[in-house]
Every structure is written in structure tokens, then in C-alpha cells.
**Student:** 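Shown below is the structure under consideration.
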Amino acid sequence: MILFDKVNKRYPSGHQAIINLSFELEAGEMAFLTGHSGAGKSTLLKLIMLLERSTSGQLLIDGKNLSRIDRTQIPYYRRNIGVVFQNHQLLFDRNIFDNVALPLFVSGLRPRDVGRRVRAALDKVGLSGKEKMNPIMLSGGEQQRLGIARAVVHKPKILLADEPTGNLDPQLSEEIMGVFNKFCEAGSTVLVASHDLELVSSIAQRLLRLEKGFLVEDKKTV
Amino acid sequence: MIQNRRRNSKSSSSLLSGHDFNNQALINRLQSYFYSHYLAFSSATSRLSSLPFRFLSISLVIAIALSLPAGFYVAAINLQKITNITDNSNTISIFLKTTVTQPQIELLKEKISLEEGVENIRYISSQKGLDEFRIESGFGDVLEMLDENPLPPVFLIEPNRKFQNNTEFIKKLVFKLKKEHLIENIQIDMMWLKRLQAISLIGERLSFMLGAILAFGVLLIISNAVSLSLDSRGEEVVVIKLVGGTDSYVRRPFLYTGFWYGAVGGILSWIFIAIAVYWLSMPVEKLSALYQNSLELEGLGFFGMISLVSIGVGLGLLGAWLAVTRQLSGIESK
Ligand SMILES: Nc1ncnc2c1ncn2[C@@H]1O[C@H](COP(=O)(O)OP(=O)(O)O)[C@@H](O)[C@H]1O
Ligand SMILES: [Mg+2]
């Protein structure tokens, strides 16, 4: 589902953020991406999202070569991917329902199907019944789960997360990781970036470790 | 043969169902397309109405910018109307010296009326001129204060229809009349008319020039206003792009914003022009009565209103489009 083949990424500043990186993630597989701050985790996810372009090497997502996707096709490509951020990027000028419904409206889903899908997504992350509330009224952990609901509402094949437990306490962090686990079990391909080695080591999953842009470790924990 | 027919009917029925399916898909897509427009429209509208003062002040600036060229245009078409009305009444005004005596006047009138090409000659004594002026201008009180009648006696000559538009002939006639020592001054209304026509033409050109410059100004105003609201919604744009929104999806609500600015600006400017025309129509009608004309000031009219609002809307859409496109090119990597 995700295939990196000798991928390099150099920023215009000259910094080499990803160096000769190769790995494959099968459909339905889950992996953690770890490494110190500045190792290149976010850059790797941005390459998959086409927020950045690789400078060399091949990147195949769901069989599609990303270098063949031009600017006008990017929006349609992105609808296959769900993404969760540390700063969850929620919109506080609208209620919870409208936040989660955004990917559906954007892809032109019929309004009558939207309600059902949104409620199903909120249900999966344990936020059902709060559609009318403003996200600002939620706790940090709930906001992060809302971000996940938005990322999965359109049933993407791939779910990406960048430091989803960034400023949550250990117990909440484990809870969030559990949510990702559930999506993997439901058939999604999941890739979670986190610098919290202690947390990711405690979960039985594949672990990819980056260091200064190199992939230095690829193992199965516990 | 039978088999063949059966196969045919089968394939046609599957084609039919495929057709049905496509229709349904098309209806679904149209439905969601219109719904997304509805969402964009209502979000733009509610955002603008939540900051009514800002919306109105920007619309007002746009209205003023649109009113200037539109006002010039209205002035130009009214000048043209004056020149059209007066076209058939090219008169020559002959101002006599104030010292002329009644017999001299009679003699001169006789003489001039015998000139070739003079169709009609009318005498207006200085007293009659004063009376007419007093009635029509409303400056009666001021005139009371004068010791002497300042108006000279006048002959109004109407040239023969044949020579109406023959400038050469009229010039020759004037040249001949100027030799009369009783005549102080001769004025040809046609000259005045020609000047007016030239002025109205300049006015029209000026309105188009001014229009082009100010249209650019309106474009800048609207694109700046949209940029301002884009800045406060930068996060929203980023999220929409992230979840697979197309550029046109991002643009849509802002296009409606530009639409509202342009439409309201256009309507306001039409109202300004209508008020100005109404306000000026009374004195202008009085003035035209003074020249024995009945001129009614013309406003922009229905077609003018439609054009003004369309121009406003067009500029609004273009300005918004430019602002969002500039913002989007800053977000996307490629
Ligand atoms: N837009 C950018 N321009 C230049 N350098 C960047 C940019 N983004 C990230 N970097 C650099 O690339 C390296 C990897 O960054 P990042 O992928 O964010 O690491 P991580 O997410 O693992 O902390 C860092 O050294 C960072 O400074
Ligand atoms: Mg990072």
C-alpha cells in the first residue's frame, strides 16, 4: 500500500531531510515511525500527503506513482488518505458535526449521506451525541479523538498521524493509540509518527526508526 | 436467429439499466454540487452580515468608485440630448447697441429680413428680455436693485432650412451683418452647439477612461477585502486542502463574498446617481425652459442599472478569484 524506493528529500534550503529511504507497508498493516526530533518523520508523512515532493526515488501509494500526480489531481488523491496532526487543526468557528463533515462536503457527498457517516465516525472515537457542541468545549484528549474522527469519516485506505499524542498524558496517549489499533483491525493501513519511543515500544506493532533522515531500524516490537 | 434476438434484447436491457444508473449518478452529483454552492453562499453571506459595518463601508467605497465614471456617463448622455434637441433651432442672436432708436430698429429689421436665407426674424426689446428673464430665472429681486436694464435689444434670426447646416453660408451672413454699426455683437447658437457636442464627446471618453482606471481600483479594493478575510481563515484553507478540497471548493465562498461586495456596491452607486439626477433635474429643467427647450434629465435607466450592477459583480468575482488564487499558490508545494 505504501512503498518507498530509494527516496530522497532535500529542502530548498539544502537540508537533506530523507536519505535513500526504502520500506514497504502492506495493506491493512500498521507501523510506528519514530526517531528524535528533526529525524525526518514529518517530512516522510508530507511526502505521502504530497505536501512536499521527493527530490529523487520512487514513491508508490496504492499502486500509484506519486510523481505522476499533477497539481490538479492532488485533491482527488488526498481523499484516499486520512491525516491526524498534533495540533489537530480543528476549526473553532463551527460545531463538531461540521468539523467532521468537512472531508465529505469537500468530496461532494450527498447531504443525506453525510449525517449518517459523521455520526458513525464520532461513534467510533467515543464522541457520539456531541455533534452540536463547539470543539473548544472538548478536553485535549477529546479534541484529538475529534481530529481522528475527521480523518476517518470518509473511510480512507490510509490513515496517517503526526505526533497524535504530542501533549497528552500517558494514559490518554495509550487510549489514542488504541483507537488507531482499532482502525488497523478494521482494515485500514495506518502509519503513526511519534518521538515517544517508550510509548510506541509498549505496543506490539512494527516500528520504523529514523535518524537524521536515514532509516536505521525496522523491527517488530515485543 | 432466436438466440441472436434474445442476446440482443439482453444487451439492450443491460444498456438501459446502465443508462438509469448513470442518470442517478448524475442527479447525485448535481445535488451535491448545488448543495456545496448553497453552503458556500450561506457561509459567505452569514460572515459578511456578522460584520455589517465593515461590509457596508467597503461596499460604499466601491459604490463611490463606480459612481464617478457612471456620473460622467450620465452627464455626457444628457449633454448629447441637449444638442439633439437644439439641433433644429439654429438661431443667430444679434445684440444691438443699447443706444438704438425705435425707427433705426424697424429699418434694420426690414433690411435683415430681406437678406438671402433669412427665414424669420424676431425682435426682443430690452424690456421684454428683462421681463422674461425675471419670470423664468427667479432672480427678480436682484434685478430690482439695478438702476438700469443691463440687457440689450436682440434680433433672433432663424435661417432658412436650406442653409441650416451650411456653416459657410452662415459665416458669410454674419460677416455681412457685422458691418452694420448698430450691431454690437453676433452670436451663432450653432457654434455653441458644436462646442457642446465636442464637450459631450470628451465627457463620454472621459467616463470610459475614468471607468477603466476606477475599475482597476475596485478590483484592488475587493481583492484586498477578500485577502483580509482569507488571512483570518488561513487555517480553514489549509484544512480544506488537506482533506482533498479542490481549489474551486476553496474559492467558492470567497467568490460569493466578492459577488456581494460588487452587487451591493453597484446597487448603491446606482442609487447615488438616481439621487443626483433627481436633485439636479429641477434646476436643469428651469434652465432649459430659459432657452425655450423642454429638457428632462435622463438617469441611468433600467439597462444602465443592470450594466452597473453587472460590472460591479464581474469586478467582485474577478477580485476575489485573484485574491484566493494568490493565497493558494502560497500554500501548495507544486
Ligand atoms: N520546510 C522546510 N524547509 C527546510 N528544512 C526543513 C523544512 N521542514 C523541515 N525541515 C528540516 O528537515 C529536518 C526534518 O524535519 P521533520 O521532518 O519535521 O522532523 P521530525 O518530524 O522528525 O521532527 C529538520 O532538520 C528540519 O529542520
Ligand atoms: Mg515532526
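Hydrogens, waters and symmetry mates are skipped; everything else that's a heavy atom, side chains included, is used. Remember, predicted model here, so these are calculated numbers, not experimental data.
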**Student:** Are A/Arg79 and A/Pro103 side-chain neighbours, meaning at least one heavy-atom pair lies under 4.5 Å?
**Tutor:**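 No, too far: nothing below the 4.5 Å cut-off.
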**Student:** Between the side chains of B/Tyr256 and B/Ser43, does any donor sit under 3.5 Å from an acceptor?
**Tutor:**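 There is no such pair between these side chains.
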**Student:** Heavy atoms under 4.5 Å from chain B: which residues of residues 104-124 of chain A carry them?
**Tutor:**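 Result: A/Phe105, A/Val106, A/Gly108, A/Leu109, A/Arg110, A/Pro111, A/Arg112.
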**Student:** Which atoms of B/Tyr33 are under 4.5 Å from chain A, going by heavy atoms: the side chain, the backbone, both sets, or neither?
**Tutor:**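 Looking at B/Tyr33, nothing touches chain A.
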**Student:** If I measure from the heavy atoms of chain B, does A/Asn80 come under 4.5 Å with its side chain, its backbone, both, or neither?
**Tutor:**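 A/Asn80 has no heavy atom closer than 4.5 Å to chain B.
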**Student:** One thing to verify: whether B/Asp247 and A/Arg71 come together as a salt bridge, which I'm taking to mean a side-chain N less than 4.0 angstrom from a carboxylate O.
**Tutor:**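 Yes.
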**Student:** Which region of B/Arg252, side chain (C-beta onward) or backbone (N, CA, C, O), has a non-hydrogen atom less than 4.5 Å from a non-hydrogen atom of chain A, or is it both or neither?
**Tutor:**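 Contact with chain A: none, neither part.
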**Student:** Would you check if there is a donor-acceptor pair between the side chains of A/Asn8 and A/Ser56 at a distance under 3.5 Å?
**Tutor:**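 Side-chain D/A pair, A/Ser56 to A/Asn8: present.
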**Student:** Please tell me whether B/Arg326 and B/Ser227 have a donor and an acceptor in their side chains that are separated by less than 3.5 angstrom.
**Tutor:**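 On atom types as modelled, these side chains qualify, holding a pair under 3.5 Å.
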**Student:** Is it the case that A/Thr72 and A/Asp70 place a side-chain donor and acceptor less than 3.5 Å from each other?
**Tutor:**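 Yes, a side-chain donor-acceptor pair sits under 3.5 Å.
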**Student:** Measure the CE-CG distance between B/Met305 and B/Leu300 for me, rounded to the nearest 0.5 Å.
**Tutor:**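 Those atoms lie 10.0 Å apart.
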